[in-house]
K.L.:
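I'd like to ask you about the structure that follows.
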Amino acid sequence: MKLRFIVAICAVVFLVGFCRSLQAQELGPGFHKIKDGIYTFAPDQATTTCSFVVTEVGVVLIDSCNSPLDSRRMAAAIKKVTDKPVMFLIDTETHSDHTGNHFIFSPPATVINAEGAAAGMKKEYNPKRAETLAAKSPELRAALEGFRMITPHIEYKDKMTINLGERTFELIYLKNVHSFADTAVWMPKERVLFASSAANVRTFINLRPTVVLPDVIASYKLMKSLNPEVVVAGHGQPTTTKIFDEYEGYYTLLMKRVGEMAALGKSLDDVKKELKMPEYADWNGQDRLGVNIDAAWKSVKR
Ligand SMILES: [Zn+2]
């Protein structure tokens with residue numbers, strides 16, 4: 001009797017587990033189910049992450065995916081899960097790998113990012129991007145049909161709250177962490193955080209000249225203080241706050257080494273030639289160490 005009971009429990013546990021994984025798999029490769037109604041497309045550690053959240057009145061999308069093929073997959077996945085429209089599209093940054101395919105979702109989606117986002121997108125807009133992509137394959141050309149650049153319809157300052165159906169989305173502006181306007185999206189009830197590209201997953205980030213490393217570290221402290229259960233970064237598969245610790249450790253060590261070399265009178269060029277970060281030899285994007293040193297140099301020379 002006892003054995004039968006255990007077997008029955010195991011069967012239920014197995015079936016629940018099996019059904020869950022099937023649900024995410026049904027949406028296609030690269031899709032992860034974070035929690036009920038919360039899905040992320042993140043096939044590997046490099047591809048731009050995009051996510052969607054279903055509420056009882058409509059869908060909220062976070063970033064519009066890099067390849068228009070991924071955006072079309074995303075649109076199809078949303079349709080499989082719900083017949084509700086995409087009401088809001090929140091950008092976590094301004095770069096085209098996150099914002100270039102708004103046209104696939106808007107209209108009907110209202111696009112939102114922090115103050116300065118539209119100006120930033122226009123500044124970096126590459127009018128040839130769509131044309132160059134379309135020339136790569138007939139599939140890409142088809143996926144780009146109707147392409148046009150759409151900048152955010154709404155820009156907020158510092159903080160914004162969206163209450164949609166049963167869910168709450170808190171948009172938090174992160175200053176100087178990655179692009180011209182970066183937004184973290186916090187879902188307090190679900191304890192899910194979409195963390196922008198302030199930190200990624202074990203990858204050297206292409207730090208632009210506007211990035212200020214002490215501000216980046218401050219953003220990690222802020223995001224950690226929310227105590228999220230799941231962290232979805234701008235690139236890479238769903239993770240936890242451990243990425244904030246990893247990146248804080250990395251940038252702190254980088255600034256320390258750069259500071260010590262600068263104190264010895266070395267030039268930026270010397271530092272770039274001599275500085276090694278063997279502790280992070282297994283991270284992706286090793287060719288970006290140079291731009292990381294630029295950012296650290298700026299911080300220690302302030
Ligand atoms: Zn970016």
Side-chain angles (χ1 to χ4, degrees), residues 28-30 41-52 61-78 86 88-155 174 176-183 194 196-198 200 203-211 233-236 284-292 294-295:
F41 174 75
D44 50 47
Q45 303 300 58
T47 303
T48 309
T49 302
C50 44
S51 310
F52 71 97
L61 191 65
I62 293 115
D63 290 332
S64 67
C65 316
N66 181 9
S67 161
L69 292 172
D70 291 343
S71 307
R72 299 285 180 191
R73 278 182 204 118
M74 178 56 112
I78 295 170
V86 179
F88 295 108
L89 198 179
I90 305 168
D91 289 336
T92 65
E93 61 172 89
T94 59
H95 297 150
S96 62
D97 59 322
H98 296 252
T99 61
N101 303 319
H102 287 165
F103 74 100
I104 292 174
F105 306 99
S106 180
T110 298
V111 183
I112 308 173
N113 194 0
E115 194 176 34
M121 279 178 68
K122 283 178 189 156
K123 204 169 171 179
E124 291 192 325
Y125 180 61
N126 171 6
K128 293 240 152 66
R129 179 180 179 259
E131 213 179 287
T132 314
L133 272 177
K136 284 186 178 170
S137 75
E139 291 78 20
L140 272 164
R141 183 171 296 281
L144 279 157
E145 209 184 299
F147 170 80
R148 63 196 197 291
M149 178 169 83
I150 297 173
T151 53
H153 303 103
I154 296 176
E155 292 191 358
L174 304 175
N176 301 333
V177 303
H178 181 69
S179 71
F180 289 110
D182 300 299
T183 292
F194 300 92
S196 85
S197 293
N200 283 336
T203 299
F204 289 109
I205 298 173
N206 184 11
L207 301 177
R208 309 310 202 275
T210 55
V211 172
H235 296 256
N284 295 318
Q286 294 286 326
D287 56 326
R288 291 169 173 171
L289 181 59
V291 291
N292 282 215
D294 284 331

K.L.:
State the CD1-CZ distance between Ile62 and Phe52, to the nearest 0.5 angstrom.
P.N.:
10.5 Å
K.L.:
Quick one, His95 and Arg208 - any side-chain contact, counting heavy atoms below 4.5 Å?
P.N.:
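Result yes, sub-4.5 Å side-chain heavy-atom pair found.
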K.L.:
Is the shortest heavy-atom distance from the side chain of Leu61 to the side chain of Ile90 under 4.5 Å?
P.N.:
no
K.L.:
Should Leu140 and Pro68 count as side-chain neighbours, where that means a heavy-atom distance under 4.5 Å?
P.N.:
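Counting from C-beta outward, Leu140 and Pro68 do come under 4.5 Å.
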K.L.:
To check you understand the geometry: which heavy-atom pair defines the closest contact between Asp91 and Thr183, and what is its length?
P.N.:
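Minimum heavy-atom contact is O-CB, 3.5 Å.
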K.L.:
Under 3.5 Å, side chain of Ser197 to main-chain N/O of His178, donor-acceptor pair present?
P.N.:
no
K.L.:
Does any part of the side chain of Asp70, heavy atoms only, come nearer than 4.5 Å to the side chain of Thr47, both counted from C-beta?
P.N.:
yes
K.L.:
Could you pull out every donor-acceptor pair under 3.5 Å between side chains of residues 123-132 and any protein atom, sequence neighbours left out?
P.N.:
{"unit_1": "Asn126", "atom_1": "OD1", "unit_2": "Lys128", "atom_2": "N", "d": "2.8"}
{"unit_1": "Arg129", "atom_1": "NH2", "unit_2": "Asn66", "atom_2": "O", "d": "3.3"}
{"unit_1": "Thr132", "atom_1": "OG1", "unit_2": "Lys128", "atom_2": "O", "d": "2.6"}

K.L.:
If you compare all heavy atoms of Glu93 against all heavy atoms of Asp182, which two are closest, and at what distance to 0.1 Å?
P.N.:
CB-OD1, 3.3 Å
K.L.:
Taking C-beta and beyond as the side chain, do Met121 and Asn113 meet within less than 4.5 Å on heavy atoms?
P.N.:
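Of all side-chain heavy-atom pairs linking Asn113 with Met121, none is under 4.5 Å.
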K.L.:
What pairs of residues pass the salt bridge (Lys or Arg N to Asp or Glu O under 4.0 Å) test when at least one of them lies in residues 94-103, not counting sequence neighbours?
P.N.:
none
K.L.:
Is there a side-chain contact between Asn206 and Val291 (heavy atoms, below 4.5 Å)?
P.N.:
yes
K.L.:
To the nearest 0.5 Å, what is the distance between CE (Met74) and CG (Asn101)?
P.N.:
11.5 Å
K.L.:
For a 4.5 angstrom cut-off between non-hydrogen side-chain atoms, does Ile112 reach Phe88?
P.N.:
yes
K.L.:
Okay, side chain of Thr203, backbone of Ile205: is any donor-acceptor separation there less than 3.5 Å?
P.N.:
no
K.L.:
Could you tell me if the side chain of Thr151 sits less than 4.5 Å from the side chain of Val111, heavy atoms only?
P.N.:
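No, side chains not in contact.
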K.L.:
For Cys65, does its backbone N or O pair with a side-chain atom of Asp63 as donor and acceptor, under 3.5 Å?
P.N.:
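Checking the backbone N and O of Cys65 against the side chain of Asp63, no donor-acceptor pair under 3.5 Å is found.
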K.L.:
Could you tell me which non-hydrogen atom of Thr94 sits nearest to which non-hydrogen atom of Phe180, and how far apart they are?
P.N.:
OG1-N, 3.5 Å
K.L.:
Work out which heavy atom in Ser106 is nearest to a heavy atom in Ile150; give both atom names and the distance.
P.N.:
O-CD1, 3.1 Å
K.L.:
Could you tell me which non-hydrogen atom of Ser64 sits nearest to which non-hydrogen atom of Gly100, and how far apart they are?
P.N.:
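Nearest pair, atom of Ser64 first, then Gly100: OG-N, 4.0 Å.
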K.L.:
Partners of His102 by ring-ring contact (aromatic ring centres under 6.0 Å, His included), sequence neighbours excluded?
P.N.:
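So His102 forms no ring-ring contact (aromatic ring centres under 6.0 Å, His included) with any residue.
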K.L.:
Check each of Leu89, Val86, Ile154 against Thr110 using the side chain to side chain contact (heavy atoms under 4.5 Å, CB included) test, and report the only one that passes.
P.N.:
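Answer after filtering Leu89, Val86, Ile154: Ile154.
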K.L.:
Which heavy-atom pair separates Ile104 from Ala75 by the least distance, and what is that distance?
P.N.:
CG2-CB, 4.4 Å
K.L.:
Tell me whether the centres of the aromatic rings in His235 and His98 are closer together than 6.0 Å.
P.N.:
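They qualify: ring centres under 6.0 Å apart.
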